[in-house]
Amino acid sequence: MIVSAPLRPPAPARARLDVSTAPAPTLAAGLEEVCVEGASGVAAGLGFLVSAASQRARGGGLMVAAPRAWFRERGRLLAGGLGPLGRSGQTVLMIAPATELEALWALEEGLRSGAVALAVGAVEAASLLATRRLDLAARAAGATVVLIKTRPARDLSAARRRWRVAPHPSAPHPWDPKASGAARWRVALERSRDGASGAWILEHDLETYRLRLAEGLADHRLDLGEYALRRSG
Amino acid sequence: MERGPRGLVLAALNPAAQALGLRLGQAHADACALAPSLKSEPVKPGQAQDALRRLALWAQRYGPLVALDEGFSGEGGYCGLEGLWIDTTGADHLFGGETALLADLTARLARAGAAAQVGLAGTPGAAWALARFAAPNAAIAPPGAEAGALAALPVEALRLSPAAVQLLGRFGLRRIGDLYALPRAGLARRFRGEAGMQLIQRLDQALGRLPEPLTGETAPAAYFAHRVFAEPILHAEGVAQWGARLALELCAKLEREGLGARRIVLTGFRTDGRTTWFSAALGLASRDPDHLIRLLRERGWARLEVGFGLDALRLSAPVTEPLTPSQTDLASRRNDLQSVSDQSPAAPPLSDLETYRAMAALIDRLTARLGEAAVLRPIWRESWTPERAEGLAPYASPPPTASAVKPASQTAAQARPILLFNPPEPIEAVAELPDGAPARFTWRRVSRRVARASGPERLSPEWWRRPSAGARPALTRDYYRLEDEDGGRYWVFREGLYGAPDPDHADRRPSWWMHGLFP
């Protein structure tokens, strides 16, 4: 009898949350992986990768490819929700094929066409060959492709970096202590081929559409207050 | 057999039945008396027409315009005289002349098991007559010689009603040539009424004095590339190879005319007299052969059902648009991705126009491979119901009522989630106050305690919209932004109000729904 034991997921990053003071990370050209857990984790992962995408990836089209069933279960992408992340004018292309293989094919086609600057795929089972192809296509086009995974990966992956993203309780809204403030994420760089790993608590800045360190050197409540003043005024 | 006014009659005969002396229109009972071993089956309505239509598509290999002639079925009509008109104008030299074309047509039809007679003339009427009543060696009338070619044929060859033929017979006019000598005015007067008018009209049509337009079964494509094969193609690889060459030819033709294709159709003509085809649509007019070939490949060469082989292949562009060559930038560059290796620096970014074109080409390819329903884009409507305000529609066929640009009324709207559940999912929520934000809710069997909440954002139902059939009428929604203790951010709403129930829906209790997730 053959017992197939799944690989144990790596220990969650929150265990070693010695918060880094390095500058907030950005996504580079090539293949990146974002591991998330749960429904709100998927939303947090999407928010992180859209805000952390490079300046260049903000200019071209945004493609989201996932099997139809994924959109049914996780919810469909709302372009109106990209506005607060600084992407209101972007061309959005949603690919909802029947299978993951077709989604992978669509991602690669999109990258090779040159029209897609940021491609997001919700593909759980991508082979080493498929990820290698995606990586090459993305680097050739100077685009970023991100695979969102909700299960621990069993296959090897050609991704340059692997992130783990989870939502983090936000600071209270300065004008309404009961309401939540700017979105915060707990981001851990678990694997990196060309750099040190690290863990951050990042906050999305609604004015500059950039990520900044939420904790560490300083707490940003003062900035939030300014933000709220300007927004209400 | 079919049901006639006086019982069952014979509607079609095979050669064996004809050899027994049976004829069309004969009563079934009489036929059974003549041939007790007669085996008969009821006519399936439309079957003959369908077969004829298939044959018409196949016959497009001989000319761009093929019209159906369904014959005069009905009371005493020319049953079994259905046929096709093929406009071979300018196409006969491709087959080595008119005689060779007819020989080829007859041979191919015979091989496919369709017994056919052919005739060729300058007018549809004369061709009709020659095909049905002339000897096979005299089936071609040169232009302008229709009168001589038709003179010896019986008057039935003019497509007259049986009553008119009977009337002519009473006057001893049995040949078409007999009519030439008679004064037209007298002929028209004598055959006054319906029969007479038809006689003069048919005679003039056959001789080319009156125009007779043909309506093709399919609109002829102005631009196509066509190839006939000596040996039939038997597998998809052959189709792919020849399809690519046809795409090159078609693009060359389009380039000469300054046009780009919006739709391309690949048609295969099978040896058994049938056609098989598939098409691909383009979002932006193009005459780039690589793009067309890639589109056809994504659709799948195997969509052509080769059967026993294709002996001709045609790539046509039924829908075209003007496409003028345009220079995109000073140093136009081809982005050849195949040659970029891992170590080479990334390609420079495309210009706006190039990006636009690349996006259109990408959408064509994705749509061709995955189907229209899988390639979607957000569309906006002037509405404040969230799931209606921003919808999803196929890129290839956007709905006419929606806009691809976000309306100004929504750009300043309240914060919207990044993931939306449509339809919303029911949750169980406990609120401190009946009309307040929930303090705790259970969604997907997980109970969550709310740490922060803001709202409500109250959205009334749009009373001017009629609810779709079967759907519950909408009630007022109060939307809340919630954050649980782990930091997950949710968008929930309560449908219906406490305290002041809608008089129309007093029986509906307020209910809680999960509608989206914030990043």
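The sequence lines fix the lettering, A, B, ..., with proteins before strands; numbering per chain opens at 1.
- For B:Phe518, the part lying near chain A is the backbone, with the side chain staying farther off; criterion is any non-hydrogen pair under 4.5 Å.
- Contacts between A:Val116 and chain B at a heavy-atom distance below 4.5 Å involve the side chain alone, from C-beta outward.
- The candidate with the highest count of non-hydrogen atom pairs below 4.5 Å against chain A, out of B:Ala374, B:Ala451, B:Pro417, is B:Ala374.
- Listed for the B:Glu390 side chain is no donor-acceptor partner under 3.5 Å among the backbone atoms of A:Leu78.
- Counting heavy atoms from C-beta on, the side chains of A:Met63 and B:Met359 never come closer than 4.5 Å.
- The candidate from B:Leu420, B:Leu370, B:Val375 with the greatest count of non-hydrogen atom pairs under 4.5 Å with chain A is B:Leu420.
- Proximity to chain B is absent for every atom of A:Ala98, based on heavy atoms less than 4.5 angstrom apart.
- Contact record, B:Ile418 with A:Gly47: CD1-N, 4.3 Å, taken as the closest heavy-atom pair.
- Between B:Leu362 and A:Leu93, the closest side-chain pair of non-hydrogen atoms falls below 4.5 Å.
- Between the side chain of B:Arg452 and the backbone N or O of A:Ser170, at least one donor-acceptor pair lies under 3.5 Å.
- You'll find the side chain of B:Glu485 stays beyond 4.5 Å of the side chain of A:Pro169, heavy atoms only.
- With a threshold of 4.5 angstrom between heavy atoms, A:Leu77 approaches chain B through its backbone and through its side chain.
- Within the 3.5 Å criterion, the main-chain N or O of B:Leu366 finds no donor-acceptor partner in the side chain of A:Glu109.
- You'll find the side chain of B:Leu419 stays beyond 4.5 Å of the side chain of A:Arg76, heavy atoms only.
- The shortest distance between side-chain heavy atoms of B:Glu298 and A:Trp105 falls below 4.5 Å.
- The contact between B:Ile363 and chain A is made entirely by side chain atoms (from C-beta outward), counting heavy-atom distances below 4.5 Å.
- Residues A:Ser40 and B:Asp486 have side chains not in contact (no heavy-atom distance under 4.5 Å, counting atoms from C-beta outward).
- Contacts with chain B were tallied for A:Gly110, A:Gly75, A:Pro97; A:Gly75 has the most, counting heavy-atom pairs under 4.5 Å.
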